[in-house]
Amino acid sequence: MFGKTSEFVVQSGTIGACNSPSTCSSTFLPRLRMLLTMATLVGAVVGNVDAAVRPAITGMTSTASGLNYKLEPWGTDAVRVRIAASGNDIGEPITGALNSTTPPPSRGQSEPRSQGTTISNGAITVTIDPATALVTVTREWDHKVLLEMTNIQWGPTPSSSRATASSVAVDFGGLAPAERIFGLGEHKNRRVEQGANGGYTKVFADSLFYAKSQGGDVSIPWYMSSEGYGFVWNLPSLGSVSLTENSIQWVSNATEGIDFWVTTIPKPPPGPPPTGPLGSVYAQLLHNYVDVVGHATPMPAWTTGFIQCKDRYRNQTQLLDVARGYVSRGLPISMIVIDWFHWTNMGDMGLNPACWPDPQAMVDELQGMGIELMITFWPFMGLPYANGTAVSRHWDEFNSKGYLATSTATGKPESFWQYSTPTGNALIDSTSPESMKAVTDHWFEGYGKYGVKAVWMDESEPDHARYISGGQWKLAAGDDTEVLPAWVKYWAGGFADKFRELHGDDFLILSRNAWAGTWSSGAALWSGDVGSSFGELETAVAAGQGAAMSGVALWTTDTGGYSGGDPEDATFQELVVRWFQFSAFCPLFRLHGHRKGGPPADQCGPTNGDNEVWNLAKDSTHYDAIVAVMELREDLRDYVQRMNNVTVATGFPMMRPMALQYPTDKVCVNNSAEAQFMLGDDWLVSPVTTVGATSWPAYLPVAAPTHEWVFWWNQTVVAGGDWVVVDTTAIADFPLFFRRPVNTARAQE
């Protein structure tokens, strides 16, 4: 990353040079707006909008306050900022959110320009104060100050594999009153917008710890603001982000320098602002964002339909009987899933032959019914017994070749996660390319060779038994403090490489964790092991939207909730229907859960209670209500794929908060309609999230004069621009509206 220098290279005129990380604290707020009018700036000519390719621009490298820094044009209307810790050179982080060490092409037409301590790229200008190393970010066309760095606080790191590493806290002030902040990952606070509603803190180690998050709180180091800028914290270390009403603080617990990327929007064209979503400031920021962290992999057609799953189908006969049950009943299904402990021992990376005797015949029959198979895969290797007997057949290979995370206390693989294996389970080191090649080669031998093209990356935080504050584990790329939040990026990337070698982009990864750019590896995200309650359903509606605003292209949830569902309970039966009415309009449509009941465990383990549509819907009205949304989703599969194509090209998500789709509508913009969302351009969904609700509200933005809203269940045309209340006494009814062109017959999607 950033290497140690033998001496400081201090710019002429620099004052207040820092002598050590622990004493370098800059608190002076720079007043440099006059620099915004500087002209005679230097850059390279950019080509046309459709195919502009900028020559390599090295940016500006110098020192400020005794610290080396580098400002570089980086994509469209964007600049990357790096400030090295005292005595360090500018370099690259261990891994970054940015997907390349060289700037990507710009889609814009303007030239990058620099003068003194200021650099401009398209609509953005970044200035660094040579006396304090504090940075000011301004939009050039309206001279609006977007971010003002108010403080850099260096300190000792809790742990690092690099002697030159420090901790650092960077404060940005000057947030506008009621500035709205979107992104930062998947949240459990039932809010889509994280800024205007008050303070919010995300501690990355908390997100990774299952006991705190249940796999449902995901940290992604990106946000975008209603003021028209976006920000990436380009460091993979443990740390945190904190929002107050007027400031944002980013903390890295181990780094050799500050590294962030910031972007803004170009000057709007003359005339009234566009009313559609592509005129949204967020649309442009998302496009700039995915250009630098990675565009999503297209979803295969077989992922657009219904996915059947439960905890757990325990053998081949049971799984095939369920698949045949869907087909014989005429129920749509495109994928079925084999969950955990289908292996003999942890780390065996294959199906237990006693329970799954003929995988090839199973896959062939499923595919003959139009059903693909997904199989879960965990990142652990069972530790040997006390007498030295190996648990996993791959233990000797992974241990002897250094493919496992090691304890910093003992220097050996130790129990990272205890579950099931009496001696505990070591963690596979995803940051080692050699380890990932071995993992995916064994995955192919255990699963892929049968034609399996979908992997369920459960436990991908990676799950751990004891809270990791830093300094406990060593990986190939660095220690846990330096790199653990990005472990999933390596894990997903290794599997994507293998899948692309075999199938091109015709694959799916479903992960319980995400980081910036994991979607470029074809990784979807789900909402974790949420409980079976109406409160958790309400949380999921906001969580999916937050993930979408963070760049996640494909998101899903456990329909009915994962834990605590009793198929004999009337409230749970109602919950399942209402959850189906939500999940059918998520990017991925998936039923999963651990249900109460079921037969005793046998040699293939427990199977728990039933989780199939005909077993969950005890009442015929419930069954009909579920089937109605399943069949509608089946009709929408081509639409879903078209919307995903938009996401792949531009970063504009399929699951859209109302503020994203209707950026000029006051109700949508002020966050009053966060309990509803759009699936693509045309479907508005307001899920019912209260037990026994006899009515439910939805807000319909103005669609006229070119379009109109149609209440789907009776094809009634409803005027936009106001709230409506839908009678939900009948379990099949909920607010679902279709936006169609005026004076057309019912749209056929």
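Throughout, residue positions are numbered sequentially from 1 according to the sequence presented.
Using a 30° and 60° split on the angle between ring planes, W709 and F737 fall in the perpendicular class, above 60°. Under the 30°/60° scheme for interplanar angles, the aromatic rings of Y200 and H187 are found to stand perpendicular.
Ring to ring, Y699 and Y662 are not that close: their centroids are 6.0 angstrom or more apart. Aromatic ring centres of Y289 and Y223 lie farther apart than the 6.0 Å criterion allows. Checked against the 6.0 Å centroid threshold, H464 and F209 count as a close aromatic pair.
D217 and S207 form a side-chain donor-acceptor contact under 3.5 Å, judged by distance and modelled atom types alone. Side-chain polar atoms of S237 and S252 form a donor-acceptor pair below 3.5 angstrom. Between the side chains of K202 and Q194, no donor-acceptor pair is found at a separation under 3.5 Å. Side-chain atoms of T539 and R190 form a donor-acceptor pair, as typed in the model, at a separation below 3.5 Å. Remark: the T264 side chain and the R139 side chain contain an N/O donor-acceptor pair separated by less than 3.5 Å. For the residue pair Q153 / D171, no side-chain donor-acceptor distance below 3.5 Å is found, with atom types taken as modelled. Counting only N and O atoms by type, the side chains of S242 and Q249 include no donor and acceptor under 3.5 Å apart.
Rounding to the nearest 0.5 angstrom, the gap separating the CG atom in L134 from the CG atom in N151 is 7.5 Å. Taking CG of N288 as the reference point, atom CE of M224 lies at 11.0 Å (rounded to 0.5 Å).
Comment: D681 engages R656 in a salt bridge, judged by a side-chain N to carboxylate O separation of less than 4.0 angstrom. For R191 and E674, the salt-bridge test fails: no basic side-chain N is under 4.0 Å from an acidic carboxylate O. Between D142 and K267, no side-chain nitrogen of the basic residue sits less than 4.0 Å from a carboxylate oxygen of the acidic one, so the salt-bridge criterion is not met. A salt bridge links R82 with E92: the distance from a Lys NZ or Arg NE/NH1/NH2 to an Asp or Glu carboxylate oxygen falls below 4.0 Å.
Judged by distance alone, with hydrogens and angles left aside, the side-chain atoms of T647 form a donor-acceptor pair with the main-chain N or O of F652 at under 3.5 Å. A donor-acceptor pair under 3.5 Å is absent between the side-chain atoms of S167 and the main chain of A254, judged by distance alone.
Qualifying side-chain hydrogen bond (donor to acceptor under 3.5 Å, both in side chains) partners for R578, counting only residues two or more places apart in sequence or in other chains: Q581.
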- request: Determine, stepwise, if the pair W555 / S527 fulfils side chain to side chain contact (heavy atoms under 4.5 Å, CB included).
  value: CA-CA 8 Å; W555 183 89; S527 58; 3.6 Å; yes

